[in-house]
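Since the structure comes first, as structure tokens, the remarks are kept for the end.
Whatever order the structure lists them in is the order used to number ligands and atoms, beginning at 1.
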Amino acid sequence: MSTMTVSRDHFPQDFKWGVATSAFQIEGAHDRDGKGPSIWDTFCAVDGKIADASNGHVACEHYERWSDDVELISRIGVNAYRFSMSWPRVQPDGQGAWNEAGFAFYDQLISALAQRGIELHLTLNHWDLPQSLQDQGGWVNREVCAHFTRYATEVARRFGHRVHSICTHNEPWVIAILGYEQGIFAPGIQSRKQAMQAVHHLLLSHGMALQAMRGLGLATAMGIVLNLSPIYPASDNPQDVAKAKLDDGLILRLYMDALFKGFYPQDVIEHLGADAPLVQPGDLATIAQPNDFLGVNYYTRNFSSCGNPWDVASTGNTVTDMGWEVYPQGLTELLCRLHADYQPLRLWVTENGAAFKDQLVNGVVDDVQRLAYIRDHIAATHAAMAQGVPVGAYFAWSLMDNFEWASGYAKRFGLVHVDFETQQRTFKNSALWYQNFLSEK
Ligand code: FCB
């Protein structure tokens with residue numbers, strides 16, 4: 001483990017320092033005050049889909065405890081908070097009537113954070129699609145793009161002037177590939193063809209929503225968040241090298257080329273053959289809207305191999321509780337590459353963090369590995385900035401332990417520990433470290 005050190009004063013004054021969460025992972029209150037079911041509510045009810053057979057019914061009870069959680073955020077000393085709105089909470093069917101009680105929840109949350117001088121970064125879709133839209137095909141049905149655009153426009157009309165940024169989608173690759181091709185995330189479908197159509201509709205709806213929201217004349221920054229990582233061939237074998245190029249195409253270039261260059265990469269489209277998405281004339285021009293920021297979620301690097309799966313232990317680096325190698329240099333490399341190849345106006349690290357097995361002993365969680373992870377990735381962010389990459393934000397994932405999707409509550413990413421029996425929150429040492437880092441001007 002390296003021990004690079006940076007301090008806050010190495011970064012510009014206006015750098016955004018944050019923590020991130022998402023609605024389904026923390027809110028609970030799955031059917032309260034008129035909220036409709038999301039695809040994750042449905043998916044959790046299917047036997048065997050969630051490792052600990054849990055669901056989001058209670059989660060961190062953030063829907064009730066939001067005011068205490070605002071205090072936690074404020075105590076850490078961040079100047080920015082990234083959160084998501086639950087679409088089925090504010091529009092139970094994903095079309096038609098708005099749910100005023102749902103909007104009222106976000107209204108009070110936004111006010112409380114703004115009063116503490118914390119910038120709001122709102123994500124419209126962090127995976128919890130209204131179930132009624134899934135009943136009509138979800139992201140595979142082109143009509144979802146118009147529904148999403150109406151939802152985005154309504155949210156921007158109501159809250160756009162009170163939030164610093166709006167992100168359309170969090171990690172379209174995860175939504176489409178894990179949800180519609182591998183079936184390990186909601187909605188649990190296994191079809192590459194459907195997954196690729198979902199990719200296209202996620203990107204198209206991003207472009208449509210951006211166009212519509214821009215029409216409101218707001219100063220709010222608008223963009224998208226992708227999960228990205230550098231991909232290396234597992235060996236010098238030409239087949240592994242070719243596989244790494246294709247995987248980079250499937251994970252990074254398919255999204256980045258479309259969003260920033262207005263085309264899908266030819267090698268990927270050829271590889272997909274009959275599974276390539278149906279694209280209508282004008283779609284790619286709609287997708288390639290100017291973005292005020294590109295959000296990058298980075299956790300680890302990846303290796304591609306045609307033979308045996310890559311053995312993560314072989315690097316000798318620390319491996320997290322998710323089985324992900326700790327590799328901060330990959331973040332520097334990724335940010336430099338995105339800047340060189342695509343020149344987004346601004347890059348924000350919108351998620352970065354690690355799950356480790358924590359132990360709460362006498363009120364203390366001595367999470368040295370998480371602390372080192374965050375510290376070294378902040379240093380890696382700085383290293384990219386030192387090479388001229390316009391990075392403007394770093395958000396740690398996550399504010400607190402929460403519902404980690406198919407892993408349930410067993411994987412803990414929080415800077416703040418949550419006892420899911422009592423809902424008690426306890427600062428881990430990583431949170432105390434971040435607090436201290438942020439207080440050094
Ligand atoms: C990302 C998700 C986030 C969280 C982290 C660990 O893919 O955006 O919700 O689950 O992984």
Heavy-atom contacts with [X] under 4.0 Å: which atoms of ligand 1 show up? List them by number with element.
X: Glu404; result: 4 (C), 6 (C), 10 (O)
X: His126; result: 2 (C), 3 (C), 8 (O), 9 (O)
X: Trp405; result: 3 (C), 4 (C), 9 (O), 10 (O)
X: Phe413; result: 6 (C)
X: Trp397; result: 3 (C), 4 (C), 5 (C), 6 (C), 9 (O)

Please state which part of Gln25 comes within less than 4.0 Å of ligand 1, counting heavy atoms only: side chain, backbone, both or neither.
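Near ligand 1, Gln25 shows its side chain, while the N, CA, C and O stay back.
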
For ligand 1, note which part of Asn170 has a heavy atom under 4.0 Å away: side chain, backbone, both or neither.
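It is the side chain that touches ligand 1; the backbone stays farther off.
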
So that I can tick it off, tell me whether Lys411 and Asp52 are bridged by a salt bridge, with the cut-off set at under 4.0 angstrom between side-chain N and carboxylate O.
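The answer is no: the pair does not qualify as a salt bridge.
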
Would one find an N or O of Trp127, backbone or side chain, under 3.5 Å from an N or O of ligand 1?
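Min N/O separation from ligand 1 is not below 3.5 Å for Trp127.
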
Protein heavy-atom partner closest to atom 7 (O) of ligand 1 - residue, atom, separation in Å
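That would be Glu171 OE1, 2.5 Å.
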
Of the protein's non-hydrogen atoms, which lies at the shortest distance from atom 5 (C) of ligand 1, and what is that distance?
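Ranking protein heavy atoms by distance from atom 5 (C) of ligand 1, first comes Tyr299 OH, 3.2 Å.
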
CG/Asp311: more than 12 non-hydrogen atoms of other groups inside 6.0 Å
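Counting other residues, nucleotides and ligands, CG of Asp311 exceeds 12 neighbours.
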
I'd like to know whether the aromatic ring centres of Phe24 and Phe403 sit less than 6.0 Å apart in this structure.
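Yes, close enough.
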
For the residue pair Phe43 and Phe185, is the inter-centroid distance of their aromatic rings smaller than 6.0 Å?
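No: the rings miss the under 6.0 Å criterion.
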
If you look only at pairs with a residue in residues 332-360, which of them pass as a ring pair (Phe, Tyr, Trp, His ring centres under 6.0 Å), with sequence neighbours excluded?
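Residue pairs passing ring pair (Phe, Tyr, Trp, His ring centres under 6.0 Å), neighbours aside: His121-Trp348, Phe293-Trp348.
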
Under the salt bridge (Lys or Arg N to Asp or Glu O under 4.0 Å) rule, collect the residues that match up with Asp31, sequence neighbours excluded.
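For Asp31, no residue satisfies salt bridge (Lys or Arg N to Asp or Glu O under 4.0 Å) once neighbours in sequence are set aside.
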
Contact between ligand 1 and Met322 is defined here as a heavy atom of the residue under 4.0 Å from a ligand atom; is it met?
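It does not; every heavy atom stays at 4.0 Å or beyond.
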
Of His201, His169, His206, which is the lone residue that meets ring-ring contact (aromatic ring centres under 6.0 Å, His included) with Trp139?
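In the set His201, His169, His206, the residue that makes a ring-ring contact (aromatic ring centres under 6.0 Å, His included) with Trp139 is His169.
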
